[in-house]
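The sequence lines fix the lettering, A, B, ..., with proteins before strands; numbering per chain opens at 1.
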Amino acid sequence: MLDLKLLEKNFDEIAEKLKNRGVEEKLLTQLKELFAKYKSQKQVLEELQAKQNKLSKLFGIYKKEGKDIDDLKKEVDSNKAKISAHQEIVRDIEEDLKKIALQIPNIPDPDVPIGKDEEDNVEIKKVLKPKEFDFKPLEHWELGENLGWIDFKRGVKLAKSRFSVLKKEAAALERALINYMLDFNKNRGFEEVYVPFMVNSATLLGTGQLPKFEDDLFKICDEDLYLIPTAEVPLTNLYRDEIIADLTEPIKLTAYTPCFRKEAGSGGKDVRGMIRQHQFDKVELVAITKPEDSDKVFEEMVNTASDLLTSLGLPHRLVMLCTGDLGFSAAKTIDLEVWLPGQGKYREISSVSNTRDFQARRAKIRFKDGKKNRLVHTLNGSSLAVGRTLIAIMENYQQKDGSIKIPEVLKKYL
RNA sequence: GGGGAGGUGGCAGAGCUGGUUUAAUGCACCGGUCUUGAAAACCGGCGUGGGUGAUGAGCCCACCCAGGGUUCGAAUCCCUGCCUCCCCGCCA
């Protein structure tokens, strides 16, 4: 959530920055005015409450002393009516305020390139050179069907479209990748955690999926529970409503979870194959840091994901997202895109974001800084999307005879 | 799922026949005195968010699981939800 006090102070600057993300200035003006109104009305209410407290205390004293309380009762009654009326006013404003404030995305960092959509993202660097094939490399779904590794039809039968079943070496490889990634991250100082795959609405509000993106989530009937769209949600919310006593060292976590997404609005995109599924495995990195540490940890996380790809021998590139392509909660994001020779394209396989204090303010995650409580910075990044890693291995390691070579580092996990 | 008990400040734990208690007390923690240093002892401080002050002191408001309600006044009474513990049932 935006810092409303900051908006009040630096309105023009923030409005300018959010314009690059497609937020209308009108909305921000409305928010600012509402905030001012909220504060003044709240003050009036508090004065009435103070009066009521004093009168009520008097009431008790008078009664004990046997004094006449008729006049006092009249005054206290009329004050009470005023309080109720004002409470309603304040509550309404507060609701409107929340409604708007929770819809506004994070402010982009100054070094985020200004742009409209993914076309304007900026490549930072390429790592590893794509291999030359002396035959026409196939796409992963062809390989998957030829080898009997991926069963798309039965996935659909069991659930619906955009579900699939892994078989043979692919099933084992999926599991091997998860274990390899977790070990890799542990060696980089991330603590392994196992979390619930369903979370409640307060949790989703904390990381920014709710209230705006409810349509992207699978909800459990008649329960305040949703399937997680990413492990970022449970991991970051571990510290929701907490004040971390000692954050001299950043908290760095890693977890494997399946992820569930409705993929609303992506109709027609990547319908073929395993790129975009309703259920996919991911190993996630999350960090909680002091504000002054988050840039350093952000780099560490990008490097961890990139080195992981390198260790698997997968060519990839780093891309800095532009303002128009940033996710809702992110102040800055670097995507890692892996080379898929079958498609002849780089495709997203990881996304590392610094949300600064945006999620921390929503989720009330703070730390003790001397006597003061300050908001933390939260960061998240995939390391990696497992299904996409699997297909990247299939496409990059395919042989002329149609078989797939297994990367050395994975052999001990199979 | 059925029956019972209960949810109070970092922890423990009083208050719960509603009012001059602004949530007692202990532990932990922080600062100080004492000490070569430490412990003990003693003194002081010690929840969160917001408002108004100067990011000071002070003052004010809200919060005793959450949301409603009764009342001039609620930690205390009523309703709903969530959670914990015990017993029973079911179960990987």
Nucleotide N/O of nucleotides 47-54 of chain B paired with protein N/O under 3.5 Å:
from: B/rU48; atom 1: OP1; to: A/K368; atom 2: NZ; distance (Å): 3.1
from: B/rU48; atom 1: OP1; to: A/N373; atom 2: ND2; distance (Å): 2.9
from: B/rU48; atom 1: O3'; to: A/R366; atom 2: NH1; distance (Å): 2.9
from: B/rG49; atom 1: OP1; to: A/R366; atom 2: NH1; distance (Å): 3.1
from: B/rG50; atom 1: N2; to: A/E46; atom 2: OE1; distance (Å): 3.3

Show the distances under 3.5 angstrom between N or O atoms of the protein and N or O atoms of nucleotides 66-73 of chain B.
from: B/rC72; atom 1: OP1; to: A/K73; atom 2: NZ; distance (Å): 2.3
from: B/rC72; atom 1: O2'; to: A/Q52; atom 2: NE2; distance (Å): 3.3
from: B/rC72; atom 1: O2'; to: A/S56; atom 2: OG; distance (Å): 3.0
from: B/rG73; atom 1: OP2; to: A/K80; atom 2: NZ; distance (Å): 3.4
from: B/rG73; atom 1: O4'; to: A/S56; atom 2: OG; distance (Å): 3.3

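For the pair A/I83 CD1 and B/rC61 P, the interatomic distance rounds to 11 Å; values are reported in whole Å. As rounded to whole Å, 13 Å separates atom P of B/rC63 from atom CD of A/E94. Atom pair A/E223:CD and B/rG81:P shows a separation of 14 Å (rounding to whole Å applied). Separating the CG atom of A/N200 from the C1' atom of B/rG81 is a distance of 13 Å, rounded to the nearest angstrom. Atoms OH (A/Y239) and P (B/rG10) sit 17 Å apart, rounded to a whole Å. Nucleotide B/rC83 holds its P atom 10 Å from the CG atom of A/D224, rounded to whole Å.
Listed by first and then second residue, the side-chain hydrogen bond (donor to acceptor under 3.5 Å, both in side chains) pairs that reach into residues 7-21 of chain A are A/E8-A/K39, A/E13-A/K17, sequence neighbours excluded.
Taking atom P on both nucleotides, B/rC59 is separated from B/rC46 by 12 Å, rounded to a whole Å. The gap from the C1' atom of B/rA12 to that of B/rA23 amounts to 15 Å, rounded to the nearest Å. Only the C1' atoms considered, B/rU8 is 10 Å distant from B/rC16, to the nearest whole Å. One C1' atom belongs to B/rA14, the other to B/rU21, and the distance between them is 12 Å to the nearest Å. With both ends at atom P, the span from B/rG49 to B/rG44 equals 27 Å, rounded to whole Å. Nucleotides B/rG7 and B/rG81 are separated by 14 Å at their C1' atoms, to the nearest Å. B/rU36 and B/rG51: their P atoms are spaced 50 Å apart (whole Å). When the C1' atom is used for both B/rG45 and B/rU52, the distance is 25 Å, rounded to whole Å.
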Show me the donor-acceptor pairs within less than 3.5 Å that the side chains of residues 286-294 of chain A make with the rest of the protein, sequence neighbours left out.
from: A/S294; atom 1: OG; to: A/N354; atom 2: ND2; distance (Å): 3.1
from: A/S294; atom 1: OG; to: A/R356; atom 2: NH1; distance (Å): 3.2
from: A/S294; atom 1: OG; to: A/H377; atom 2: ND1; distance (Å): 2.8

Table please: side-chain donor-acceptor pairs of residues 405-414 of chain A below 3.5 Å, with sequence neighbours left out.
from: A/E408; atom 1: OE2; to: A/K411; atom 2: NZ; distance (Å): 2.8
from: A/Y413; atom 1: OH; to: A/D183; atom 2: OD2; distance (Å): 2.7

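Residue A/N53 places at least one side-chain N or O under 4.0 Å from the OP1 or OP2 atom of B/rC61.
Pair check for B/rC59 finds B/rG51; Watson-Crick or G-U wobble, both atom distances under 3.5 Å. In this structure, B/rC27 and B/rG10 make a Watson-Crick or G-U wobble pair, each of the two defining distances being under 3.5 angstrom. Base pairing of B/rU84 is made with B/rA5, judged by Watson-Crick or G-U wobble geometry with both donor-acceptor distances under 3.5 Å. Under the Watson-Crick or G-U wobble criterion, with both distances below 3.5 Å, B/rC64 has no partner in any strand shown.
Using a 4.0 Å cut-off between charged nitrogen and carboxylate oxygen, A/R361 and A/D357 count as a salt-bridge pair. Between A/K252 and A/E300 there is a salt bridge, since a side-chain N of the basic residue sits under 4.0 Å from a carboxylate O of the acidic one.
Two residues, A/K372 and A/Q49, neighbour RNA chain B, and the one matched to the more 5' nucleotide by heavy-atom proximity is A/K372.
Using modelled atom types, no side-chain atom of A/R261 and backbone atom of A/D216 make a donor-acceptor pair closer than 3.5 Å. Side-chain N or O atoms of A/R388 include one that pairs as donor or acceptor with a backbone N or O of A/I275 at under 3.5 Å.
In textbook terms, a nucleotide whose glycosidic angle is within 90° of 0 is syn, and B/rG53 is one such case.
Atom-to-atom distance recorded for A/L173:CG and A/W149:CH2 is 5.5 Å, nearest 0.5 angstrom.
Shown are A/L308, A/V386, A/T389, A/V283; of these, the side-chain contact (heavy atoms from CB on, under 4.5 Å) with A/Y180 is made only by A/L308. Exactly one of A/T236, A/T378, A/T230 qualifies for a side-chain contact (heavy atoms from CB on, under 4.5 Å) with A/T207. That residue is A/T236.
Here A/Y397 pairs with nothing under the ring-ring contact (aromatic ring centres under 6.0 Å, His included) rule; sequence neighbours left out.
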